[in-house]
2 protein chains.
Amino acid sequence: MIDTAGLRVMRAIAEAGSFTAAAHALGYSQPAISQMVRRLEDRTGTVLVERVGRSVRLTEAGQVLARHAGPVLAALDAAEEEVAAIAGLRSGRVRLMAFPSASATLVPRALALVKRTYPGVSITFTEAEPPESLAALRAGTCDLAVAFTYNGTDLGRGEQDVDLFEVTPLIDDDVRLVVPRDHPLAEAGGRGLVADLSALTDETWIAGCPRCRGHLLQVCRDAGFAPDVAYETEDYVAVMGLIAEGLGIALVPDLILRTVHHPDVSVLAVNPPSRRRIQAVTTPDLHRVPAVKATLDALLESAAAQPRPVRTGSTG
Amino acid sequence: MIDTAGLRVMRAIAEAGSFTAAAHALGYSQPAISQMVRRLEDRTGTVLVERVGRSVRLTEAGQVLARHAGPVLAALDAAEEEVAAIAGLRSGRVRLMAFPSASATLVPRALALVKRTYPGVSITFTEAEPPESLAALRAGTCDLAVAFTYNGTDLGRGEQDVDLFEVTPLIDDDVRLVVPRDHPLAEAGGRGLVADLSALTDETWIAGCPRCRGHLLQVCRDAGFAPDVAYETEDYVAVMGLIAEGLGIALVPDLILRTVHHPDVSVLAVNPPSRRRIQAVTTPDLHRVPAVKATLDALLESAAAQPRPVRTGSTG
DNA sequence: GGGTTTCGATAAGCGAGAGTTATACCCTGG
DNA sequence: CCAGGGTATAACTCTCGCTTATCGAAACCC
């Protein structure tokens with residue numbers, strides 16, 4: 001019934017004291033004010049303005065509207081400002097989820113970058129494996145997920161997700177073979193070692209996270225055998241310890257080897273090569289939210305600044 | 001930038017959970033909501049709604065708008081309700097001014113009538129002679145004035161006031177001649193006495209209020225003489241006392257004689273007859289204000305219920 | 001797994017609201 | 001009495017916003 005334009009007009013009339021002055025203040029022509037007051041009076045069924053000689057004066061009802069105009073318009077401006085702050089990256093909240101090994105350097109560096117560039121944007125960060133983070137994305141409890149996919153396999157929930165999600169590649173992460181330092185494969189040569197998967201039929205294996213384990217099974221099947229998986233742990237420090245003690249060997253993403261070192265293991269390239277793709281995942285809508293976009297850009301920048309892959313050979 | 005319609009829509013979406021449901025709730029079609037959200041997003045430059053599969057979900061910015069919608073719309077509804085209360089006579093304020101002798105019965109009865117019919121309407125009443133009350137009307141400190149005019153003369157400020165003001169006749173008030181009970185004119189007969197003004201050339205006169213005095217001078221000049229005005233007072237009780245003591249005679253409006261009595265005076269009709277017209281005066285704008293209109297109607301009703309003029313002869 | 005239902009986006013079209021210019025009328029002040 | 005400033009009105013135009021119709025896609029159900 002009464003809209004913000006009406007309130008604005010009534011307030012302007014109260015302040016300016018005449019239709020003409022109010023029109024100038026609001027950037028309207030004088031008849032526009034005259035007609036708008038008339039419309040308001042028709043709608044409210046009451047006289048709002050007393051036309052007295054050369055000037056005008058608000059009636060009681062008109063004063064009521066003019067009096068309410070201040071608070072209402074102020075509250076509306078506050079709402080607009082709040083939205084503008086989000087749009088202008090002076091404010092905003094991003095709920096970020098990433099799998100544990102991305103948390104090491106990729107995510108912290110991106111978080112620092114955003115915090116430095118847009119101090120008003122707050123990012124909440126939760127560790128989660130890809131299936132969970134994508135589920136959160138679907139459920140609306142996450143805005144941006146850092147996930148990974150091994151070559152060929154999807155993100156973990158079906159092919160249709162390619163349409164549903166907005167996927168941005170961050171880093172291609174080569175998968176390495178980690179063996180004890182005194183393993184025959186490691187001793188065959190110094191640097192630049194490459195191990196054929198097909199030569200690892202009789203090894204004992206250590207598997208990482210569930211999806212990594214799935215990848216291990218996949219590549220082994222492609223190589224024509226089923227691996228003997230004796231240990232499973234998501235803790236790659238433990239994986240390295242197991243390997244160093246000669247209890248098995250493992251496929252470990254390069255990104256992890258950059259932060260988890262062990263003096264008694266050796267790193268080898270794998271043949272056929274295998275890699276996982278680390279990517280930022282969000283929805284097309286959220287991708288257009290400034291704070292989310294800024295965080296994604298920071299992730300890209302952070303990814304570009306990552307050090308080169310570790311050289312094969314002994315680590316530590 | 002953001003109007004009330006936008007807030008209403010965002011709130012409806014937040015509550016209903018879908019565009020279609022929000023459209024039904026607001027009485028719009030579904031595309032209307034879709035377009036309105038799109039407009040809002042264009043204007044704010046931010047994504048407000050996340051389209052996820054079949055349903056929609058508000059983004060942070062969308063939630064901001066939805067959250068602000070409540071208070072803003074509530075304040076706006078409050079303003080509308082306040083105006084509606086004034087329009088519906090559940091509220092309202094009337095600043096009434098009347099000359100003293102109208103205050104006796106005409107005004108109190110009208111006030112009581114309004115108070116009974118519209119308890120929410122409050123009337124503030126100030127005594128004022130016509131020139132002042134009309135000035136207040138012009139100045140905006142009065143909404144309704146009860147004034148009077150003697151036959152022919154205007155309201156006191158020039159002929160243009162006929163156009164400027166909205167004048168409603170209430171009562172025609174005959175002017176009487178009041179003389180001491182033992183005055184020769186009173187003794188000439190019992191009831192139904194009529195005094196020729198031209199026979200009062202040598203009397204001593206008592207004048208009332210300034211305008212009444214003006215009227216006295218006017219009618220005497222019309223009758224061909226200048227009255228000997230020995231006393232002036234606006235207090236008609238004093239006038240009657242003066243007359244009773246034989247200190248002079250006076251022209252007194254009938255309306256006053258209905259409330260001010262004295263045993264020792266006689267009331268006579270005057271020839272040529274003279275009367276003052278009591279009328280309610282307001283502006284065309286204020287005349288359309290419900291509370292003012294109601295008060296004016298009450299004055300009319302009160303006037304119609306006034307007792308018949310006092311009979312000539314002795315009062316008390 | 002396929003059909004059905006439901007929901008959102010889009011296109012086209014139209015109607016009304018709202019603003020502009022031009023002009024008349026009126027009050028006010030010198 | 002005249003000039004200046006202010007409002008109301010008329011006529012015109014245009015843009016905004018709603019509606020109907022239709023499509024595409026996702027979810028639900030058998």
Side-chain angles (χ1 to χ4, degrees), chain A residues 1-9 12-13 16-43 47-59 62 137-140 157-165 283-285 288, chain B residues 1-6 8-9 12-13 16-43 47-59 62 135 137-140 157-165 283-285 288:
Chain A
M1 183 170 173
I2 298 176
D3 57 347
T4 61
L7 288 182
R8 235 175 276 274
V9 165
I13 293 174
S18 79
F19 284 14
T20 302
H24 281 112
L26 296 177
Y28 288 135
S29 67
Q30 172 266 317
I33 304 294
S34 193
Q35 296 174 48
M36 186 165 282
V37 170
R38 181 189 185 81
R39 278 197 298 274
L40 278 175
E41 288 182 336
D42 288 347
R43 284 207 254 265
V47 183
L48 298 176
V49 174
E50 213 180 325
R51 283 79 166 175
V52 45
R54 181 137 90 184
S55 184
V56 296
R57 195 161 43 214
L58 297 187
T59 65
L137 206 51
R138 298 194 126 250
R157 210 184 171 281
E159 304 296 337
Q160 74 273 19
D161 286 348
V162 178
D163 296 340
L164 184 59
F165 290 138
T283 67
D285 285 327
R288 290 170 47 227
Chain B
M1 186 169 171
I2 298 177
D3 57 347
T4 60
R8 234 175 276 275
V9 165
I13 293 173
S18 79
F19 284 14
T20 302
H24 280 113
L26 296 177
Y28 287 135
S29 66
Q30 172 264 319
I33 304 293
S34 193
Q35 296 173 40
M36 184 164 284
V37 170
R38 181 190 184 79
R39 276 197 299 276
L40 278 174
E41 289 183 336
D42 287 346
R43 285 206 255 263
V47 182
L48 298 177
V49 175
E50 213 180 325
R51 282 79 164 176
V52 45
R54 180 135 93 182
S55 185
V56 295
R57 194 163 42 213
L58 296 187
T59 65
L137 205 51
R138 297 194 126 251
R157 212 184 172 281
E159 304 296 337
Q160 74 273 19
D161 287 348
V162 179
D163 297 339
L164 184 59
F165 290 137
T283 68
D285 286 325
R288 292 169 46 226

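Each chain gets a letter, A, B and so on, in the order its sequence line appears, and its residues count up from 1. All heavy atoms count here, side chains included; hydrogens, waters and symmetry mates do not. Since the model is a prediction, treat every value here as computed from it, not as a measurement.
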Between [N] atom [atom2] and [X] atom [atom1], what is the distance in whole Å?
{"X": "A:Ile2", "N": "C:dA18", "atom1": "CD1", "atom2": "C1'", "result": "17 Å"}
{"X": "B:Arg8", "N": "D:dC18", "atom1": "CZ", "atom2": "P", "result": "13 Å"}
{"X": "B:Asp42", "N": "D:dG17", "atom1": "CG", "atom2": "C1'", "result": "14 Å"}
{"X": "B:Asp285", "N": "D:dA8", "atom1": "CG", "atom2": "C1'", "result": "12 Å"}
{"X": "A:Leu58", "N": "D:dT7", "atom1": "CG", "atom2": "P", "result": "12 Å"}
{"X": "B:His24", "N": "C:dT6", "atom1": "NE2", "atom2": "P", "result": "11 Å"}
{"X": "A:Arg43", "N": "C:dA18", "atom1": "CZ", "atom2": "C1'", "result": "10 Å"}
{"X": "A:Leu40", "N": "C:dA18", "atom1": "CG", "atom2": "C1'", "result": "13 Å"}

request  = Taking the side chain as every heavy atom from C-beta outward, state whether B:Thr59 and A:Asp285 have any atom pair closer than 4.5 Å.
outcome  =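 In short, these two side chains do not touch, never coming nearer than 4.5 Å.
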query = Does the side chain of A:Ile33 come within less than 4.5 Å of A:Leu26's, by heavy atoms?
reply = yes
query = Of all residues at least two apart in sequence or in a different chain, which pass the side-chain contact (heavy atoms from CB on, under 4.5 Å) check with B:Arg39?
reply = B:Gln35, B:Met36, B:Arg43
key: side-chain contact (heavy atoms from CB on, under 4.5 Å) involving A:Ser34 - partner list, sequence neighbours excluded   = A:Phe19, A:Gln30
message = Does the protein touch nucleotides 19-26 of chain C at the base, only the backbone, or not at all? Give it as B, S and - per nucleotide, heavy atoms under 4.0 Å.
response = BBBB----
message = I'd like to check the salt bridge (Lys or Arg N to Asp or Glu O under 4.0 Å) partners of A:Arg8; sequence neighbours left out, ordered by chain and number.
response =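 Once residues adjacent in sequence are excluded, A:Arg8 has no partner under the salt bridge (Lys or Arg N to Asp or Glu O under 4.0 Å) criterion.
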Does [N] have its OP1 or OP2 closer than 4.0 Å to a side-chain nitrogen or oxygen of [X]?
{"X": "B:Ser34", "N": "C:dA9", "answer": "yes"}
{"X": "A:Thr20", "N": "D:dT7", "answer": "yes"}
{"X": "B:Arg38", "N": "C:dT10", "answer": "yes"}
{"X": "A:Arg51", "N": "D:dA8", "answer": "yes"}

key: Flag, side chain of B:Arg51 to backbone of A:Pro284, donor-acceptor distance under 3.5 Å   = no
query = If an axis is fit to five pairs at each end of the helix from C:dG1-D:dC30 to C:dG30-D:dC1, what is the angle between the two, to the nearest 10°?
reply = 30°
query = If every non-hydrogen atom of A:Ala22 is compared with every non-hydrogen atom of A:Ala16, which pair is closest and at what distance?
reply = N-CB, 3.6 Å
Over all atoms of both residues, closest heavy-atom pair of A:Glu50 and B:Thr283 =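 Nearest heavy atoms, A:Glu50 then B:Thr283: OE2-OG1, 4.1 Å.
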message = What's the separation between atom CG in B:Asp3 and atom CG in A:Leu7, rounded to the nearest 0.5 Å?
response = 12.0 Å
